[in-house]
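All values derive from a computational prediction rather than experimental measurement. Labels below follow one simple rule: chain letters A, B, ... track the order of the sequence lines, proteins then strands, and each chain is numbered from 1.
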Number of protein chains: 2
Amino acid sequence: MTTVGPPDSESESAWLAAYDPTAFTPIAVTVDVVALTIRRLPDSGAKALHVLTIRRGAMPYEGRRALPGGFVRAAENEDLDQAAVRELAEETGLAAHGGGESGALAAAPLLSRLHLEQLGTYGTPGRDPRMRVVSVAYLAFAPDLPEATAGGDAAAAHWVPVAELDPGRDPEGLAFDHARILADGLERARAKLEYTSLATAFAGPEFTVTELREVYEAVWGEPLHAGNFHRKVLSVPGFLEDTDTTTARGGARGGRRARLYRAGGARLLHPALLRPSREETL
Amino acid sequence: MTTVGPPDSESESAWLAAYDPTAFTPIAVTVDVVALTIRRLPDSGAKALHVLTIRRGAMPYEGRRALPGGFVRAAENEDLDQAAVRELAEETGLAAHGGGESGALAAAPLLSRLHLEQLGTYGTPGRDPRMRVVSVAYLAFAPDLPEATAGGDAAAAHWVPVAELDPGRDPEGLAFDHARILADGLERARAKLEYTSLATAFAGPEFTVTELREVYEAVWGEPLHAGNFHRKVLSVPGFLEDTDTTTARGGARGGRRARLYRAGGARLLHPALLRPSREETL
DNA sequence: CTGGTTATTCTCGACTTGAGAATTTCTACT
DNA sequence: AGTAGAAATTCTCAAGTCGAGAATAACCAG
């Protein structure tokens with residue numbers, strides 16, 4: 001019930017239990033961010049889903065990769081969402097400097113088109129070997145971001161193809177329970193692409209249907225039928241808004257110019273775009 | 001990144017920021033539970049969605065209704081999920097006594113068929129007037145539970161029809177930001193009924209298609225076409241499993257006996273059962 | 001002007017849906 | 001026993017959606 005502490009607790013009512021002194025064993029509250037973007041693979045040139053990771057500079061898990069994150073600044077009355085944006089900005093180096101810390105997403109110019117949402121909270125005792133830590137995880141989507149890194153100060157920060165972190169392909173794995181958090185974030189992202197217009201958050205302000213399809217293919221990790229995809233996205237009311245313009249040129253190797261669209265007002269997709277395959281999980 | 005505290009922080013790296021002393025302004029961590037069940041309305045006899053509320057016995061918001069909840073017992077190494085189950089058990093009086101606190105849902109016998117999932121975390125500064133509180137909210141579904149109340153100790157606990165708490169119909173509203181949490185919980189519940197087999201968690205071990213439909217109608221708050229609903233649920237693979245038995249009697253005023261089913265293994269519904277109406281929100 | 005490339009539109013058969021209605025099986029009451 | 005009304009289950013049918021596989025259209029390089 002969110003009641004708190006010793007004050008006004010002389011009642012012998014049930015609430016006495018809640019005012020138990022054990023409640024005051026300190027618990028640290030942090031935020032971790034699963035930041036996703038779509039970029040081209042250096043080699044194949046294909047578009048793939050990438051996640052932002054940093055390299056830990058201290059024990060425990062020193063040298064291990066981890067999700068960016070850090071303490072919620074309680075003393076500064078920082079909101080959870082604000083903390084997530086701040087950590088992301090600091091870690092990516094994007095607008096880490098100068099930016100006022102007023103309106104959440106407004107702080108960092110380069111992070112302006114960012115979509116941010118809470119993913120879940122992880123607080124199992126022992127997840128951090130040093131003390132009890134409850135971490136609120138956030139999921140962030142952004143259009144192709146620059147080689148983040150160099151967060152002004154942070155240890156190496158890099159966009160890593162999520163495929164590389166797949167348990168089995170990744171020898172050491174992420175620090176703490178971050179592999180689990182990442183997995184939850186990916187599943188959430190894949191699911192939200194089905195019934196929300198979130199995919200447009202990965203694209204620029206104007207994009208082609210093919211680019212949008214590539215977003216879906218990168219996140220879902222499977223090819224989609226171009227024709228049917230085209231028909232489908234244009235039939236969902238409010239999903240795409242025609243700009244009446246086309247790309248300046250066709251493909252590098254020839255080909256028709258593609259029509260440009262911008263995100264329409266709809267937030268929910270009706271009917272939804274369902275993944276061809278999916279597993280029986282929950 | 002879930003890193004913590006002073007120890008091993010003599011590095012001048014970026015992490016220094018994370019080790020900022022301000023991080024140690026205490027933050028209290030609590031759990032709040034949105035517990036839902038379906039019961040008959042005392043008057044009309046119709047089935048309606050109810051939420052468990054308690055009456056606050058202390059300031060602030062003394063006398064106001066609130067969601068059950070309380071501190072996470074850090075000193076006892078209590079997991080967040082455990083804390084939610086414990087609070088629910090204490091508040092409902094169901095198995096508040098004796099029960100070991102081992103396996104989460106196993107503690108309280110009467111709560112055994114309970115479905116529990118994390119809803120979200122609410123930590124806006126000022127949501128509790130006394131101190132900084134970060135509350136992890138949980139959503140719980142259970143089949144028709146007894147008139148909970150009398151949690152051994154708790155101030156009056158009651159199942160309240162959610163319609164009664166609707167902003168506008170409810171003069172005072174819930175304490176803290178609990179109205180918001182409840183709203184989020186309801187939306188989540190309504191959404192999950194669409195694409196998961198969660199509805200069966202509101203029904204007994206064996207139920208009829210009509211009872212299942214009543215669950216959907218109570219949660220969604222709108223009538224469904226009986227015939228189409230029947231066809232639909234039976235066509236989703238793994239949703240319902242035939243028991244080859246029927247109810248002992250038809251309806252009180254006559255009528256055919258209904259076939260009994262139990263929940264099948266499926267957790268996700270394919271294809272989904274979509275709400276007839278829905279708003280454009282996210 | 002030509003061949004290869006990319007975008008967009010069509011076709012068609014298999015399903016799925018919503019509405020409305022028919023059937024089947026019961027209970028209560030003459 | 002026989003009948004009316006109730007509740008569960010099954011059907012019908014037209015409209016909409018989907019996946020596969022083309023067919024068209026518009027472009028680029030040479």
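- For A:Arg249 and D:dA29, the shortest distance from a side-chain N or O to OP1 or OP2 is below 4.0 Å.
- Rounded to the nearest 0.5 Å, atoms CZ (A:Arg267) and OH (A:Tyr195) are 14.5 Å apart.
- Remark: A:Lys232 NZ to A:Phe239 CZ distance equals 10.0 Å, nearest 0.5 Å.
- Between B:Gly251 and A:Gly250, the one whose closest nucleotide on DNA chain C sits nearer the 5' end is A:Gly250.
- More than 12 heavy-atom neighbours from other residues, nucleotides or ligands sit within 6.0 angstrom of CZ on B:Arg190.
- No hydrogens or angles considered: a donor-acceptor pair under 3.5 Å links the side chains of A:Asp184 and A:Tyr122.
- The distance from atom CG of A:Leu186 to atom CD1 of A:Ile181, rounded to the nearest 0.5 Å, is 12.0 Å.
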- Item | Check against side chain to side chain donor-acceptor pair (under 3.5 Å), B:Thr243 and B:Thr245 | CA-CA 5 Å; B:Thr243 64; B:Thr245 57; 2.7 Å; yes

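- Put simply, NE2 on B:His225 is 12 Å from C1' on D:dT12, counting in whole angstrom units.
- Separation of atoms CG (A:Leu273) and OG1 (A:Thr196) is listed at 10.0 Å; rounding is to 0.5 Å.
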Polar atom pairs (N or O), protein with nucleotides 2-5 of chain D, under 3.5 Å:
none

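- For the pair A:His270 NE2 and D:dT17 P, the interatomic distance rounds to 12 Å; values are reported in whole Å.
- The local environment of CZ in A:Arg188 is crowded, with over 12 non-hydrogen atoms from other residues, nucleotides or ligands closer than 6.0 Å.
- Rounded to an integer number of Å, the gap from CG of B:Leu273 to C1' of C:dG18 is 14 Å.
- Taking atom CG of A:Leu234 as the reference point, atom P of D:dC18 lies 13 Å away to the nearest angstrom.
- One interatomic measurement links the two molecules: CD of A:Glu211 to C1' of C:dA7, which rounds to 12 Å at whole-angstrom precision.
- Residue A:Leu274 contributes atom CG, which lies 8 Å from atom P of D:dG19 at whole-angstrom precision.
- Look at CG on A:Asn228: it is 14 Å from C1' on D:dA23, rounded to the nearest Å.
- In this structure, B:Leu212 atom CG and D:dA8 atom P are separated by 13 Å, rounded to whole Å.
- Among the atoms of the strands shown, base atoms are found under 4.0 Å from some heavy atom of B:Arg231.
- Listed pair A:Arg257 / D:dC28 meets the phosphate criterion, a side-chain N or O lying under 4.0 Å from OP1 or OP2.
- Taking 4.0 angstrom as the limit, B:His230 places a side-chain polar atom (N or O) nearer than this to OP1 or OP2 of D:dT9.
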Can you name the atoms? Protein N/O to nucleotides 13-16 of chain C N/O, anything below 3.5 Å, with the distance.
none

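- Closest non-hydrogen pair, B:Val33 versus B:Ala84, comes out as CG2-O, 3.8 Å.
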